[in-house]
Amino acid sequence: MNTTDDFVLQLLVDKGVINDSASNDIRSKLKDFVADSGKSHTQTKLEELIDALGTSPMQVSKLLADEFGMDVVDLSEVRASNEALEVLSHDLASKYKVFPLEVDETEIQIAVCDPLDIDSIDTISHVLKRSIICRVAPESAILNSIHQYYDSAQIGASEVDDIFSDMQVNDSEALILPNGGDEDTSEEEAPIIRFVHMVISEALKRRASDIHMEPLEKRFRIRYRIDGVLHEVENPPKRLQPSIVSRIKLMSDVSIAEKRVPQDGRINITVGAKAIDLRVSTLPTAFGESIVMRILDKEGLNLGLPQLGFFSDDQATFERIIAMPDGIFLVTGPTGSGKSTTLYSALNHINHPDRKIITVEDPVEYEMVGINQVQVRRDIGMTFSAALRSMLRQAPNIIMVGEIRDRETAEIAVNASLTGHMVFSTLHTNDAPSAVSRLIDIGIKPFLVSASLRAVLAQRLVRRICPACKVPHEPDEKLLKSLGVRPDQVNDANFMQGNGCAKCNSTGFRGRVGIFEMFTMSEELQQMVYEEASLVSIRNKSREMGMRTMREDGTRKILAGVTTCEEVLHATVSDPL
């Protein structure tokens, strides 16, 4: 036991948060932990023991902040400035378990977990030659922030140094040429080529969904999107930006000479026995071309419906709808909400030899065996509507349209559904019932919408708690109240959170799962759409008939220990009363 432990436990007893018996029990467990592990414990262990009693680490931080006249900070809601991260090094942050927030020429604001550790604060002040303003945060939150902002950026740093350590400026310029540059240098040995391969390999290793390469004024930033969150990694020298961009454009078979307009390309690679496609998009910006590589892993298509996030009742409804002989089934949500994965999984589920399936996409994201896929090419007149007209002459059973964007495409899709075809497509709306009004706004007559629409699935993605480090957890009552969780639901709940481990990069989350809102048409709803009832009336009627909103579905996944309150609150809006 150290001084801080004694102080914290005594403070909790004095404030009536825990009793003497609980305090003594924690002291005993800390001693046992030290004896078993053979090393001193961290404050994180104390936080775990206190959390097990129903007191969150943030509550303890608030008590400490009040006691010392400081402010408390929720690190999940703030972003450190780049200047502060540069001033306070990774070594100092890790050694003293502090995290920088803001900085100017005379002072720096940092988050600390131990306000009693005056020596560490004085040391930081002396090293940085700035006065320190302390705010209190839990140690676990500080360690997570250090990992997110510092450790991620360290990944690959030594490899980058090795690649570029002996590289001259003129070496990189030669690689801009399509033929690979200097004939004396083999492709495998070229530093730029090795660096690009390293960036892609690291992204695959870390399960990233996107690689973002962004030209800023003084640096060339590289970030990975992992489970929906962007993480910055080691940046290459700014002077190598043109060479790296040219190499990627060469790999994706787009024009290296054209830098004034956006371009789209594709890279096909094989990792072990796994085929990976990278969809490449370039965009001219003020400081050069920005590149986003979207990683398309075909294994995602083989996900079963439960792995997408469906509970058994929703799955039964989903399977019934996609097996219908005709009509329109829409999946709605913003960009990056998993619409394409859901539709591809649905096609994979119903892809049998006795059915002919044709898709028209822009672009074709995944190549699927047994399915005829058509690529939109506007430059030669192959638009969604033109492709759809031709597709109907191919006598398909099932049609998938990548997205309904305009009246012409919507009309052809509706007519196809009314002539005996099942049509799958996506639409951009905030919730499922809004798809009805969106189709009418596009120009589809209400009686055609009521006759053709079978169901709409709205969805969002939330991070899944890491199964390797999940532990029981008691959420804050305010969060439960904001989600509308009833007391009787709490009694049977299985609340969980991730402590952070090597498998999830200390984030507590691994992978994502969908939360859904299934709007199915009934005779009553068809009549309301035909009579042009208001969207509010249609939504209320569908709720009465059993439709769960995305927030309600997310709450079910919280109660089942799949995700957390914060994730669902972040991804959904409150349900109207």
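Positions are given from 1 along the sequence. Just so it is clear, the structure is predicted and the values come from calculations on it, not from any experiment.
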Side-chain donor/acceptor of Thr426 to backbone N/O of Gly402, under 3.5 Å | yes

Decide if atom NZ of Lys356 counts as having more than 12 heavy atoms of other residues, nucleotides or ligands within a radius under 6.0 Å.
-> yes

Sub-3.5 Å donor-acceptor pair from the side chain of Thr507 to the main-chain atoms of Cys504, do we have one?
-> yes

Below 4.0 angstrom, N of the basic side chain to O of the carboxylate: do Arg464 and Asp227 qualify?
-> no

Does Asp476 offer a backbone N or O that forms a donor-acceptor pair with the side chain of Lys481 under 3.5 Å?
-> no

Contacts satisfying salt bridge (charged side-chain N to carboxylate O under 4.0 Å, His left out) that involve residues 323-333 (not counting sequence neighbours) are Asp326-Arg454

Scan residues 554-564 for pairs that pass salt bridge (charged side-chain N to carboxylate O under 4.0 Å, His left out), counting only residues two or more places apart or in two chains.
-> Asp313-Arg556, Asp314-Arg556, Asp553-Arg556, Asp553-Lys557

Who pairs with Gln526 by side-chain contact (heavy atoms from CB on, under 4.5 Å), at least two apart in sequence or on another chain?
-> Ser450, Met521, Glu523

Test: Arg407 and Glu411 ion pair at under 4.0 Å = yes

State which residues pass side-chain contact (heavy atoms from CB on, under 4.5 Å) with Leu230; sequence neighbours excluded, sorted by chain then number.
-> His212, Arg223, Arg225

Check: Glu552 side chain, Thr549 main-chain N or O, donor-acceptor pair, under 3.5 Å = yes

Measure from the side-chain N and O atoms of Glu289 to the backbone N and O of Thr282, and report whether any donor-acceptor pair falls under 3.5 Å.
-> no

Please name all residues satisfying ring pair (Phe, Tyr, Trp, His ring centres under 6.0 Å) with Phe329, sequence neighbours left out, ordered by chain then number.
-> Phe318, Phe424

Counting heavy atoms not belonging to Asn430, are there more than 12 under 6.0 Å from its CG?
-> no

Quick one: salt bridge (charged side-chain N to carboxylate O under 4.0 Å, His left out) pairs with a partner in residues 417-440, sequence neighbours left out?
-> Asp431-Arg539

Please determine if Arg486 and Asp488 form a salt bridge, counting it only when a charged side-chain N lies under 4.0 Å from a carboxylate O.
-> yes

Please test Glu232 against Glu214 for side chain to side chain contact (heavy atoms under 4.5 Å, CB included), starting from the C-alpha separation and ending with a verdict.
-> CA-CA 11 Å; Glu232 187 169 345; Glu214 302 156 318; over 6 Å; no

